[in-house]
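The chains referred to below are lettered A, B, ... by the order of the sequence lines, with proteins before strands, and numbering in each begins at 1. Worth knowing before you read on, the calculation uses all heavy atoms, side chains too, and leaves out hydrogens, waters and symmetry mates.
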There are 2 protein chains.
Amino acid sequence: MNDSLKPRSLRLDDLLKSRSRRRVQSEGATKDEQVYERIFGAIIAHRLRPGDRLPEDALAETFEVSRTVIRKVLQRLAHERLVNIQAKRGAMVSKPTVDEARNVFAARRLIETGVMDRVVARLTPAALEELRELTRAEDKALESGNQRLALQMSGQFHQQLLDLAGNEELSTFLAQLLSRSSLIIAVYGPGWKGASHCESHTVLLNELEAGNVDALRQTMGQHLDELEAALNMDAVDADLPDFKRIFNGILD
Amino acid sequence: MNDSLKPRSLRLDDLLKSRSRRRVQSEGATKDEQVYERIFGAIIAHRLRPGDRLPEDALAETFEVSRTVIRKVLQRLAHERLVNIQAKRGAMVSKPTVDEARNVFAARRLIETGVMDRVVARLTPAALEELRELTRAEDKALESGNQRLALQMSGQFHQQLLDLAGNEELSTFLAQLLSRSSLIIAVYGPGWKGASHCESHTVLLNELEAGNVDALRQTMGQHLDELEAALNMDAVDADLPDFKRIFNGILD
DNA sequence: GATGAAAATCTTGTATACGGGAAATGTTTT
DNA sequence: AAAACATTTCCCGTATACAAGATTTTCATC
């Protein structure tokens with residue numbers, strides 16, 4: 001395939017679509033695909049927040065399909081860990097625990113630093129330009145105060161960077177980790193500023209162009225560390241107040 | 001033999017169960033779980049071979065459940081990439097391509113070598129003994145000519161080794177890669193001898209006990225290279241003859 | 001005998017009905 | 001008034017019916 005030669009359309013629609021287009025199976029324009037896209041998009045964009053319940057009936061009515069379709073979509077989202085299904089109790093948007101969050105970032109560090117040699121080896125000028133375009137878009141989104149969009153562009157950046165490694169399996173896995181990262185940020189990054197990323201991304205691109213694998217690994221690892229550190233995972237995690245800590249004071 | 005003396009029950013049932021027990025969601029004893037276990041097991045054990053069709057009606061009749069249940073199971077297997085679903089055309093056991101196979105092994109190398117530091121750091125004597133027990137079981141299976149069982153024990157070995165890293169997300173991903181490895185061997189390893197593994201596994205365990213991370217990474221990478229090299233992926237891959245290569249000769 | 005079109009058959013996609021478990025509400029009892 | 005129990009309601013799990021697409025078979029034609 002010679003995608004590397006043709007300058008791909010870089011409009012916003014395409015950028016966002018291409019991410020959600022990562023499919024598991026049939027590409028047919030079936031109903032469940034459309035419903036999946038809508039719900040997936042709502043979760044990623046934090047319009048559905050972790051803990052929100054997802055009753056089959058209500059969703060079926062909303063999208064004017066039967067529960068059959070909704071169930072299929074929810075099961076898929078559950079497999080991708082964006083939704084949590086409890087038997088006989090229904091589905092809700094997943095609420096990552098602190099451990100889960102740390103594991104996700106650890107996995108990202110391992111993978112995103114580990115494939116840098118392949119990325120450098122397979123990099124094309126066109127791909128580099130595409131990545132630069134993405135950082136520009138992210139930068140613009142940040143300047144205009146559109147945090148949500150900036151976050152999506154950031155995810156897209158990491159995704160396309162890893163796609164360069166040419167390993168479909170790893171790309172799919174990272175896609176899952178990225179969407180879960182979005183959930184994690186929804187929970188642990190309330191007043192989150194994506195300020196430092198864009199610079200990091202630019203640094204990454206410069207090192208990528210220079211072809212310095214070791215520096216890339218170093219920078220990427222640091223970048224992910226910063227991302228994780230910017231979250232406040234000490235915050236209360238559970239639905240209920242943390243009674244243990246509250247009543248471990250003088251009065252008890 | 002007297003199993004009662006062993007620290008943990010290490011009977012075959014437990015060893016095999018624990019692998020397939022890796023679940024995505026609810027642990028309830030629902031129907032689809034049972035059906036899933038049966039079909040999953042049949043695929044892993046190569047009783048269902050890549051390319052075999054999986055019609056919903058026939059399966060529903062076999063397991064005495066409705067198509068609803070079968071569909072749910074097939075969708076889950078499809079998400080795990082063990083089954084391929086084509087719209088309006090039904091499901092079949094996945095038939096990994098050569099590229100897919102190489103990607104799976106590349107991903108395994110990255111992960112299984114990458115977490116060795118964590119594994120060494122978190123290793124316990126009990127876990128080490130469990131791993132030794134697994135290699136013994138694998139060895140015994142090989143000696144008695146039970147290739148199929150040996151393969152499962154080998155997978156179990158890799159799984160438990162990685163589980164020591166304590167990263168649930170990576171463990172789940174590896175579980176998927178391991179079951180897909182089984183499919184790959186079904187396609188590209190017809191006269192496959194698992195001879196060299198057990199020794200490799202023993203070497204790994206010795207290095208693990210010594211706590212030498214670098215040596216472990218080296219050995220594990222080599223081990224996976226050997227596994228991949230033992231496959232004959234030059235063999236004809238597609239159902240149809242490779243017309244491109246055939247007609248790229250002088251005559252065309 | 002081979003080719004192509006039309007019909008029949010098979011299989012999946014979707015909707016809907018019914019049964020059952022869990023939570024919520026209301027009632028009774030202490 | 002509070003707690004325990006009964007009932008109601010809501011929602012999910014499963015089965016089944018019908019519609020639609022894909023494949024195979026059949027048949028006419030060259």
Closest approach to the side chain of A/D32, judged atom by atom: which nucleotide of D/dC11, D/dA15, C/dT14 is it?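 Per side-chain heavy atoms of A/D32, the pick is C/dT14.
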Counting heavy atoms from C-beta on, name the nucleotide in C/dT12, D/dA15, C/dT14 closest to the side chain of B/S66.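 Of all the options, the side chain of B/S66 is nearest to D/dA15.
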Between [atom2] of [N] and [atom1] of [X], the distance in whole Å:
{"X": "B/K72", "N": "D/dT14", "atom1": "NZ", "atom2": "C1'", "value": "10 Å"}
{"X": "B/D57", "N": "D/dA17", "atom1": "CG", "atom2": "P", "value": "13 Å"}
{"X": "A/R53", "N": "D/dC11", "atom1": "CZ", "atom2": "P", "value": "8 Å"}
{"X": "B/E56", "N": "D/dT14", "atom1": "CD", "atom2": "P", "value": "16 Å"}
{"X": "A/I85", "N": "C/dG21", "atom1": "CD1", "atom2": "C1'", "value": "17 Å"}

N/O contacts under 3.5 Å, protein versus nucleotides 22-24 of chain D?
| from | atom 1 | to | atom 2 | distance (Å) |
| --- | --- | --- | --- | --- |
| D/dT23 | OP1 | B/R89 | NE | 2.7 |
| D/dT23 | OP1 | B/R89 | NH1 | 3.4 |
| D/dT23 | OP1 | B/R89 | NH2 | 3.4 |

Are A/R109 and A/E228 ion-paired here, with the side-chain N under 4.0 Å from a carboxylate O?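 A/E228 and A/R109: salt-bridged.
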Please round to the nearest 0.5 Å and tell me the distance separating atom CG of A/L77 and atom CG of A/L82.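 Spacing of CG (A/L77) from CG (A/L82) equals 6.0 Å.
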Return no unless some side-chain N or O of A/T68 is found under 4.0 Å from OP1 or OP2 of C/dT14.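 Answer no for this pair, as no side-chain N or O of A/T68 is under 4.0 Å from OP1 or OP2.
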Taking only side-chain nitrogens and oxygens of B/R67, does any of them come within less than 4.0 Å of OP1 or OP2 of D/dT16?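 No, outside the criterion.
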Sidechain-backbone polar pair: [X] side chain, [Y] backbone, donor-acceptor under 3.5 Å:
{"X": "B/H79", "Y": "A/E80", "answer": "no"}
{"X": "A/R49", "Y": "A/A186", "answer": "yes"}
{"X": "B/S182", "Y": "B/L178", "answer": "no"}

Output all residues satisfying side chain to side chain contact (heavy atoms under 4.5 Å, CB included) with A/R38, sequence neighbours left out; order by chain, then residue number.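 Only A/F63 meet the side chain to side chain contact (heavy atoms under 4.5 Å, CB included) criterion with A/R38.
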Taking the nucleotide of DNA chain C with the nearest heavy atom to each, does B/G90 or A/E64 sit closer to the 5' end?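 Closer to the 5' end of DNA chain C: B/G90.
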